[in-house]
Amino acid sequence: MGDFNAKVGDEKVKDIVGPSGKGTVNERGNCSDTLMIVNLYKRYGHFVAVDHICVGVPDQECFGLLGQNGAGKTTTFKMLTGNVMVTGGNAYLKGDDIQNNIKKVQTNIGYCPQFDALIDQMTGRETLVMYARLRGIPEKNIGHVVNSLIDILMLEEHADKLTGQYSGGNKRKLSTAIALVGDPPLIMLDEPSAGMDPKARRQLWNVLSQVRASGRTLVLTSHSMEECEALCTRIAIMVNGRFMCLGSPQYLKNKFGQGYTLIIQLGALADGSTTPNQPVINFIKQNFPGAKVFDEHQGYIHFQVPDSDMKLAQVFTFMESAKANLCIQDYSVHQTTLEEVFLSFTSTQPSMSFRCGETRWSCVEAEYEGNNSYDEQMVGEDADLIVEFGWESRVKECLEAHS
Ligand SMILES: Nc1ncnc2c1ncn2[C@@H]1O[C@H](COP(=O)(O)OP(=O)(O)OP(=O)(O)O)[C@@H](O)[C@H]1O
């Protein structure tokens, strides 16, 4: 840990790299942080799955890793738990590092993997007893520990059934319970609530909030923005293995979600068809400088309006005056959501990538006023053309565009 102290010092730099993803993330924690991740890096062959991420996570923090499928979240977890080899960098849990001391690190981590690793022929109770013994809980305390976990994760009804007969949601509850056995200092949960019903999910949030309040450190991934807002004290949005931004949910909304969202519901014409959208789009773009169409579906147009000097009262006046003329059935104005911040970052994750000669191309499908075009990025010294995502026709199109 000595080396690391020297590098990090006391500086606490809040964020951030821009959406281009160039540069490094500078979230540097204090040395007292429970978990320190320092330039952690993972390559599978030539493919960079995790690209030099850094963060310090203190006690009583629930840190959320958000990202699209394939962003590198699970790979980060697998490096921290010793399930995959680290290519570069290091991480420290209470002073022990994963490169040299992974066995010690593992004793301090509770881990709920993305895919339930349960033994079908054991009951939920037997499974928890086994993990309690592995964790070294004294035999006389095991019954109490196991019963409490069964209780807080609402597994009473299923505790004595074979896990092979569990529903998907109940398997997630049991996997979460396993991560909590022995009250480890760091609990890592990879999409813990996937497949849980709303009641179970809320109960899980209560449990995890209490675990955090008791002084534990949590790191979780989730595709639910609601869950991240409910649980996470800080969030990092990951794209192509890099942290694109890092901060509390409110901080990210303030910083990257400037302005507001205007949602318009188009009315129906006399023949039952929906009002044409173009006059509405033109009106909004003329009257709200910088407004962009963020999404459009089933008669709803969703605009992102950048911060402007326009007061909300003016927005409502404009909309009221246009409502009848443009046949707008309804509209709403609200603060930019975390989901919109997330989407604005993750739209830069490649929808495909391939190699041609010495070059690796990552193609991002982007919409510019209705025309598809591609951004490209050169990232490596690779060999023959390899189509990784099976999008052959698009690869061909992209190659032609760049030949
Ligand atoms: N064993 C492997 N060999 C080669 N590539 C891999 C391997 N494991 C993961 N990858 C690649 O690394 C990238 C990151 O994968 P990872 O599972 O970490 O993503 P993720 O963010 O957890 O996605 P999801 O939300 O779908 O779980 C992906 O492009 C994936 O295909």
Side-chain angles (χ1 to χ4, degrees), residues 17 21 25 35 37 39-55 63-89 91 98 109 111-117 168-169 171-172 175-176 179 187-196 201 218-228 231-232 234-246 338-339 341-343 345-355 360-365 376-377 379-380 382-384 386-391 394-395:
V17 285
V25 169
L35 174 68
I37 298 181
N39 274 325
L40 200 59
Y41 176 60
K42 176 68 188 176
R43 252 190 5 230
Y44 291 109
H46 289 284
F47 180 77
V48 178
V50 176
D51 196 357
H52 297 98
I53 58 169
C54 305
V55 69
F63 185 75
L65 269 185
L66 295 189
Q68 279 181 318
N69 298 131
K73 306 176 297 292
T74 300
T75 303
T76 303
F77 275 15
K78 285 183 174 171
M79 283 192 281
L80 296 174
T81 51
N83 286 357
V84 299
M85 297 275 289
V86 173
T87 310
I98 57 171
I109 295 182
Y111 179 39
C112 167
Q114 185 175 25
F115 300 107
D116 305 293
K171 283 185 177 173
R172 295 312 282 156
S175 296
T176 305
I187 297 139
M188 302 208 306
L189 306 156
D190 201 346
E191 298 181 35
S193 66
M196 282 190 194
R201 181 174 302 181
L218 297 164
V219 183
L220 65 83
T221 73
S222 175
H223 289 291
S224 157
M225 301 297 142
E226 193 193 0
E227 179 159 293
C228 291
L231 284 178
C232 297
R234 283 188 311 161
I235 286 171
I237 296 179
M238 222 172 163
V239 177
N240 299 329
R242 295 177 186 166
F243 286 170
M244 300 298 283
C245 63
L246 203 158
L338 188 59
E339 180 159 332
V341 173
F342 175 80
L343 290 172
F345 278 107
T346 54
S347 62
T348 59
Q349 179 159 318
S351 47
M352 63 176 180
S353 78
F354 59 93
R355 294 168 195 150
R360 177 195 178 98
W361 297 95
S362 296
C363 293
V364 180
E365 193 179 356
E376 62 290 328
Q377 221 187 338
V379 294
D382 298 310
D384 311 318
I386 300 168
V387 178
E388 292 188 357
F389 293 94
W391 291 30
R394 293 216 171 169
V395 170

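The figures here come from the full heavy-atom set of this structure, side chains too, leaving out hydrogens, waters and symmetry mates. Order of appearance sets the numbers: ligands from 1, and atoms from 1 within every ligand. Position 1 is the first residue of the sequence; numbering continues from there.
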Hey, does the side chain of Thr221 reach the backbone of Glu191 with a donor-acceptor pair shorter than 3.5 angstrom? yes
Is there a heavy atom of Lys42 sitting under 4.0 angstrom from any atom of ligand 1? no
Given Thr74, Leu65, Leu66, which one has a non-hydrogen atom that is nearest to atom 17 (O) of ligand 1? Thr74
Any N or O on Gly70 sitting closer than 3.5 Å to an N or O of ligand 1? yes
Find all atoms of ligand 1 within a distance of less than 4.0 Å from any non-hydrogen atom belonging to Glu191, and give their numbers and elements. 25 (O), 27 (O)
Does any N or O in the side chain of Lys73 come within less than 3.5 Å of the main-chain N or O of Gly241, such that one atom is a donor and the other an acceptor? no
Looking only at heavy atoms, what is the nearest atom pair of Arg172 and Asp116, with distance? NH1-OD1, 2.8 Å
Between Ser224 (side chain only) and Glu227 (backbone N and O only), is there a donor and an acceptor less than 3.5 Å apart? yes
Thr75: numbered ligand 1 atoms lying under 4.0 Å from its heavy atoms: 14 (C), 15 (O), 16 (P), 18 (O)
Under 4.0 Å from one or more heavy atoms of Gln114, ligand 1 contributes atoms 24 (P), 27 (O)
N/O donor-acceptor pair under 3.5 Å between Arg43 side chain and Gly45 backbone: yes
Please say whether more than 12 non-hydrogen atoms of neighbouring residues, nucleotides or ligands are located less than 6.0 Å from NZ in Lys171. yes
Using the rule given for side-chain contact (heavy atoms from CB on, under 4.5 Å), can you reason through Phe63 versus Ile235, listing the C-alpha separation, both sets of side-chain angles and the distance that settles it, and then say yes or no? CA-CA 6 Å; Phe63 185 75; Ile235 286 171; over 6 Å; no
Give a yes or no on whether the backbone of Thr75 and the side-chain of Lys42 come within a donor-acceptor separation of less than 3.5 Å. no
Are Leu246 and Arg234 close enough that some pair of their side-chain heavy atoms sits under 4.5 Å apart? yes
Polar proximity ligand 1 side, Phe47 side, N/O cut 3.5 Å exclusive: no
Quick one: does Lys78 get within less than 4.0 Å of ligand 1, heavy atoms only? no
Is the shortest distance from a heavy atom of His223 to ligand 1 less than 4.0 Å? yes
Heavy-atom pairs closer than 4.0 Å: do any link ligand 1 to the side chain of Met238, the backbone, both, or neither? neither
What do you reckon, does Thr76 have a nitrogen or oxygen under 3.5 Å from a nitrogen or oxygen of ligand 1? no
So is there a nitrogen or oxygen of Gly72 less than 3.5 Å from a nitrogen or oxygen in ligand 1? yes
For Ala71, the atoms of ligand 1 under 4.0 Å from one of its heavy atoms are 19 (O), 20 (P), 21 (O)
